[in-house]
Each structure stands twice: as structure tokens, then as C-alpha cells.
Amino acid sequence: MPDIRGLIFDMDGVIANTDELHYLTWQRLADEEGVTFSREIYIQMSGVGHEQNAKAFTEGLDLDDATIADWMRRKQEYYVELRDTIQPQDVMDGVIPLIETVKASGLALAVGSSSRNAKPVLEKLNLSHHFDVIGDGYTVSHLKPEPDIFLWVAGGMGLKPSQCLVLEDAHAGVDAALRAGCYVIGVGSRDLSHADAQVTTLEGHSLTDLLNLLK
């Protein structure tokens, strides 16, 4: 079994049930501007950073930089409106018991997210105090699928990437974790078969269960 000494959570879709909020804000912007958008397109955008999302959303459109910047500013404003409605009950099933078990076991605990909203969301969920390190969309220049965020978080915990287990729900996040040299378990129903293992939910899975998947 790998020598895992730290657990790194992605934010959206792993800790927080915020995927629908992000989708709704992109769809609102798309409706206002007449942009073709769908859940399938949103899934392809999941897990990457602000700039990559902007590029994907505006692909094929003849827009100047000022217009793109305005659209992204509005998207963030729309998301903040919804973000402020988040309550502690919006934590994904199984996350709180897993956090408690990890802390009791003495493993380090961190968040590695491409979202610029990660810290405010953690505050809304009343979870910030549990994490030793929080990496978000402001932390590094190159976000997922680049490995930088996980390398930064592992370093912040004083661990080698190979001592870290990442929990991810997006293809780009799994890519980033593997490229960093971490172990990674996919979470959710998307096809994340390139991860070391996958579970559909964290509910009912103990830390021991997850580590055993890495054998």
C-alpha cells in the first residue's frame, strides 16, 4: 500500500455541491448573450481554471478582450449571488465523516481547487478550519490540468506528491493529480477511469476503504 500521509480534496463536486450553481451561472450568461451552451459543454469545462473556462465558453466567437473580460466579470457576479446562499448542509455526502477520520488518524488535510471561490465556499460550509493548506484559483499561475496546484499543496503540507491522495471529480483534476505524482481517486459518475480508482460517492467509504483501493 502507498505511504499516504495527506489527503487533498478538490472543491466543487467533491466537498461542495456547487456544480449546479456554476452551470446555472454559465447558462444565464449564455442566454443573455445568445451563446450556445449545454450541460455537455459544461462538463468539458469542469475542473479547470477561470481563463480556460473563458476560452472554452467563447470558442468560435469573434470577441475582443474587453468583451470577454466583461462577460467573465458578470459570470462571477452571478455566481457570487448563488454562492452566498450556500449553507453547511450543502456539503457532499460522506465528506464530514471522512474529514473527521483523516484528522483523527493524523494525516494532513488540504484542498486543491482551480476555483477562485474555494475559500469563500469553505467559509460558508464552516469547513475552513479543518484544512492545513488551501490552494485555489489564485494560488498558482497554471491551473488544472497542469500539476502545479497539487505540487504547491503537497509542498505546503511538507509532503512528497507520492505521499498524497487526491479526491477529484473532473477529468482535468485527475490529469493534474497524476502529472503531479499523486495518487488519485475519482469521485462521481463521470468516466474517470484513468484515476487509480473511482467511487461514485464518498458516502459510506472510510479512509481505510479508500486506501485499500490503492493496493
Side-chain angles (χ1 to χ4, degrees), residues 1-23 26 37-53 55-57 59 91-95 97-99 101-102 107-115 118 135-137 140 142-154 157 159-215:
M1 181 181 294
D3 179 24
I4 301 298
R5 302 187 185 185
L7 198 66
I8 305 174
F9 285 83
D10 177 40
M11 166 58 73
D12 296 317
V14 177
I15 291 178
N17 188 16
T18 49
D19 262 356
E20 185 67 10
L21 303 186
H22 282 290
Y23 168 73
W26 285 115
F37 191 66
S38 65
R39 290 187 183 274
E40 290 71 23
I41 294 173
Y42 173 68
I43 288 173
Q44 295 172 15
M45 295 165 60
S46 297
V48 299
H50 177 81
E51 292 182 1
Q52 287 176 284
N53 273 330
K55 183 177 180 180
F57 185 78
E59 186 176 4
V91 178
M92 298 289 282
D93 294 338
V95 168
L98 182 56
I99 286 175
T101 302
V102 172
L107 270 66
L109 199 58
V111 170
S113 172
S114 290
S115 174
D136 62 12
V140 295
H142 302 292
L143 297 170
K144 305 170 188 176
E146 299 302 321
D148 302 35
I149 189 70
F150 292 124
L151 294 172
W152 186 90
V153 169
M157 293 190 291
L159 300 177
K160 299 175 183 177
S162 60
Q163 295 173 317
C164 300
L165 171 59
V166 175
L167 301 177
E168 264 287 354
D169 77 320
H171 197 283
V174 172
D175 285 348
L178 292 174
R179 293 173 69 182
C182 302
Y183 290 90
V184 56
I185 292 177
V187 180
S189 57
R190 296 172 184 169
D191 179 10
L192 302 174
S193 53
H194 57 312
D196 294 298
Q198 182 169 357
V199 295
T200 55
T201 175
L202 292 176
E203 186 175 20
H205 289 283
S206 68
L207 175 61
T208 300
D209 292 337
L210 297 177
L211 294 178
N212 282 338
L213 292 175
L214 303 178
K215 287 184 177 179

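Scope of the values below: all heavy atoms of this structure, side chains included, with no hydrogens, waters or symmetry mates.
- Distance check: N212 CG to L207 CG gives 9.5 Å after rounding to the nearest 0.5 Å.
- With rounding to the nearest 0.5 angstrom, the OG atom of S113 is 12.0 Å from the CD1 atom of I8.
- Donor-acceptor pairing under 3.5 Å is lacking for the side chains of D191 and H171.
- Residue-environment remark: NE2 (H142) stays at or below the threshold of 12 foreign heavy atoms within 6.0 Å.
- Listed here is the closest heavy atom pair of G135 and W152: CA-CZ3, 3.8 Å.
- If you take CG on L211 and CG on L107, they are separated by 7.0 Å, rounding to the nearest 0.5 Å.
- Going from atom CD of E20 over to atom OG1 of T18 covers 10.5 Å, rounded to the nearest 0.5 Å.
- Contact record, Q52 with L143: OE1-O, 4.3 Å, taken as the closest heavy-atom pair.
- A pairwise comparison of heavy atoms in M92 and G13 identifies CE-O, 3.5 Å as the closest pair.
- Ring pair F37/W26 is tilted by interplanar angle, where 30° to 60° counts as tilted.
- The two residues P161 and L151 come nearest to each other via the heavy atoms CG-CD2, 3.7 Å.
- D10 is not listed as a side-chain neighbour of V166, based on a closest heavy-atom distance of 4.5 Å or more.
- With values rounded to the nearest 0.5 angstrom, M1 atom CE is found 7.5 Å from L214 atom CG.
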Exercise. Side chain to side chain contact (heavy atoms under 4.5 Å, CB included) between L202 and F9: does it pass, once the steps are laid out?
Worked result: CA-CA 11 Å; L202 292 176; F9 285 83; 4.1 Å; yes

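- In terms of modelled atom types and a separation under 3.5 Å, the side chain of Q198 and the main chain of L192 share a donor-acceptor contact.
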For residues 181-190, which side-chain N or O atoms pair as donor and acceptor with protein atoms under 3.5 Å away, sequence neighbours left out?
residue	atom	partner	partner atom	Å
R190	NH1	D169	O	3.3
R190	NH2	D19	OD2	3.4
R190	NH2	S46	OG	3.4

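- Side-chain contact between L98 and L210 is present, with heavy atoms from C-beta onward closer than 4.5 Å.
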Exercise. Yes or no on side chain to side chain contact (heavy atoms under 4.5 Å, CB included) for D196 and L213, after CA distance, side-chain angles and deciding distance?
Worked result: CA-CA 8 Å; D196 294 298; L213 292 175; over 6 Å; no

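- Nearest heavy-atom pair, V153 versus G112, reported as atom, atom and distance to 0.1 Å: CG2-CA, 4.2 Å.
- Taking all atoms of both residues into account, the shortest heavy-atom contact from C164 to M157 is SG-CE, 3.7 Å.
- If you take CG on D12 and CD on E168, they are separated by 10.0 Å, rounding to the nearest 0.5 Å.
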